[in-house]
Participant: 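I'd like to ask some things about the structure below.
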Amino acid sequence: LTIGSSTEPWLIIDNLSQDLSNPLFRTPAVAAYVGLSALMIDQPNPEDFMLATLISNLGLLKLSSKSLGKNLDDFSEDDTFLYLNHPLTSINMVLERKIPLPEDIKKIILNSHENPQGTGFPKGKNCPANIPIGSQLMQICETLDSNLLIIPSYSRFEVSDRRREVLLFPEMNNFSPELINNLKKIWVA
């Protein structure tokens, strides 16, 4: 994680890609936020968190091009099914290539859209009681990323202010309080 040695890694990551037409274009930035955050809160193997993040959206490649960049409400029935199952599809795409995938990385990917309230997917109300920290961090960093996008003709914002604001969003109550507190220590500093 060489980027962790940079004086301002958040700005480097934020400028990786600004194309909003395809959520896959933002996946490397989210993976970098996940890895950097995992490294800074002393999680073991932050590279595994990054790898899980990079793999987690591969299943989105199966969506029709007309669905990319749209809201789920505007998807066709087939694309809705594909989207809601993309974590499992992503894992299967890797395994079909005969690439081994450790169980802990599979768990992170499978739970990348789950939450303890049971409103996530693909399992929803049947999701595990303990969602892996890597899965939670991935969801938090996706929210962060969507709030750090540079939008042409809008004033530039302070990245540290946005990180602070994201941690105050009501949906952050869905995640481990310990994880949120650890992120506050590194994101708000």
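What's counted below: heavy atoms across the whole structure, side chains too, no hydrogens, waters or symmetry copies.
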Participant: Would you say K106 and E103 make side-chain contact, with heavy atoms under 4.5 Å?
Facilitator: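 K106 vs E103: side chains touch.
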
Participant: Tell me the closest heavy-atom pair linking L84 and F121, and the distance in Å.
Facilitator: O-CD1, 3.2 Å

Participant: What side chain to side chain donor-acceptor pair (under 3.5 Å) pairs are there with at least one residue in residues 87-97, not counting sequence neighbours?
Facilitator: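 For residues 87-97: none.
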
Participant: Would the distance check show the side chain of T53 and the main-chain N or O of F49 forming a donor-acceptor pair, the cut-off being under 3.5 Å?
Facilitator: yes

Participant: Tell me the closest heavy-atom pair linking L58 and M93, and the distance in Å.
Facilitator: O-SD, 3.5 Å

Participant: With clusters defined by side-chain heavy atoms of hydrophobic residues (ILVMFWY) lying less than 4.5 Å apart, directly or transitively, does F81 cluster with I91?
Facilitator: no

Participant: Show the atom names and distances, to 0.1 Å, of all donor-acceptor pairs under 3.5 Å that link a side chain in residues 111-119 to residues at least two apart or in another chain.
Facilitator:
{"unit_1": "N111", "atom_1": "ND2", "unit_2": "K107", "atom_2": "O", "d": "2.8"}
{"unit_1": "S112", "atom_1": "OG", "unit_2": "I109", "atom_2": "O", "d": "2.8"}
{"unit_1": "H113", "atom_1": "NE2", "unit_2": "H86", "atom_2": "NE2", "d": "3.3"}
{"unit_1": "E114", "atom_1": "OE1", "unit_2": "G124", "atom_2": "N", "d": "3.1"}
{"unit_1": "E114", "atom_1": "OE2", "unit_2": "K123", "atom_2": "N", "d": "2.6"}
{"unit_1": "N115", "atom_1": "OD1", "unit_2": "Q117", "atom_2": "N", "d": "2.9"}
{"unit_1": "N115", "atom_1": "OD1", "unit_2": "G118", "atom_2": "N", "d": "3.1"}
{"unit_1": "N115", "atom_1": "OD1", "unit_2": "T119", "atom_2": "N", "d": "3.3"}
{"unit_1": "N115", "atom_1": "OD1", "unit_2": "T119", "atom_2": "OG1", "d": "3.2"}
{"unit_1": "N115", "atom_1": "ND2", "unit_2": "T119", "atom_2": "OG1", "d": "2.8"}

Participant: According to a 4.5 Å side-chain heavy-atom criterion applied to Ile, Leu, Val, Met, Phe, Trp and Tyr, with indirect links allowed, do F175 and I131 form part of one hydrophobic cluster?
Facilitator: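 In one cluster with F175: I131, no.
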
Participant: Can you name the residues that form a side chain to side chain donor-acceptor pair (under 3.5 Å) with D161, not counting sequence neighbours?
Facilitator: R164

Participant: Tell me, please, which residues at least two apart from D48 pass side chain to side chain contact (heavy atoms under 4.5 Å, CB included).
Facilitator: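 Partners of D48 by the side chain to side chain contact (heavy atoms under 4.5 Å, CB included) criterion, ordered by chain and then number, come out as N45, D104, I105.
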
Participant: Rounded to the nearest 0.5 Å, what separation is found between the CG atom of D79 and the CG atom of D74?
Facilitator: 11.5 Å

Participant: So do the side chains of N130 and P128 get within less than 4.5 Å of each other, counting heavy atoms only?
Facilitator: no

Participant: At what distance, to the nearest 0.5 angstrom, does CG of L144 lie from OG of S146?
Facilitator: 8.0 Å

Participant: With the side chain counted from C-beta on, respond yes when T80 and E77 share a heavy-atom pair under 4.5 Å apart, and no when they do not.
Facilitator: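 No, too far: nothing below the 4.5 Å cut-off.
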
Participant: Rounded to the nearest 0.5 Å, how far apart are CG of L36 and CD1 of I41?
Facilitator: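 Rounded to the nearest 0.5 Å, the CG-CD1 separation comes to 10.5 Å.
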
Participant: Could you pull out the closest heavy-atom pair between F157 and L148, with the gap in Å?
Facilitator: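 Minimum heavy-atom contact is CZ-O, 3.2 Å.
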
Participant: Would a single hydrophobic cluster contain both L54 and L63, if residues Ile, Leu, Val, Met, Phe, Trp and Tyr are joined by side-chain heavy-atom contacts under 4.5 Å?
Facilitator: no

Participant: Specify the closest pair of heavy atoms between I108 and P132, including all atoms of both residues, with the distance to one decimal.
Facilitator: CG1-CB, 4.2 Å

Participant: Could you pull out all residues at least two apart from L167 that satisfy side chain to side chain contact (heavy atoms under 4.5 Å, CB included)?
Facilitator: I180, L183, K184, W187, V188

Participant: Quick one: do L61 and I99 end up in the same hydrophobic cluster if we chain Ile, Leu, Val, Met, Phe, Trp and Tyr together by side-chain heavy atoms under 4.5 Å apart?
Facilitator: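 The answer is yes; both residues are in one hydrophobic cluster.
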
Participant: With a 4.5 Å cut-off on side-chain heavy atoms, are V30 and M50 touching?
Facilitator: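 With C-beta onward as the side chain, the pair stays apart.
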
Participant: Can you tell me how far the OG atom of S37 sits from the CD1 atom of I133, to the nearest 0.5 Å?
Facilitator: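 Reported to 0.5 Å precision, the distance equals 12.5 Å.
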
Participant: Partners of N147 by side chain to side chain contact (heavy atoms under 4.5 Å, CB included), sequence neighbours excluded?
Facilitator: T143, V166, F169

Participant: Ring-plane angle category for Y83 and F75, please: parallel below 30°, perpendicular beyond 60°, tilted otherwise.
Facilitator: perpendicular

Participant: Kindly give the heavy-atom pair with the smallest separation between L179 and L137, and that separation in Å.
Facilitator: CD2-N, 4.1 Å

Participant: Nearest 0.5 Å, please: how far is CD in E171 from CD1 in I140?
Facilitator: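 I140 CD1 to E171 CD: 10.0 Å, rounded to 0.5 Å.
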
Participant: Atom CD of E165 and atom OG of S160: how far apart are they, to the nearest 0.5 Å?
Facilitator: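 Going from CD on E165 over to OG on S160, the span is 9.5 Å.
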
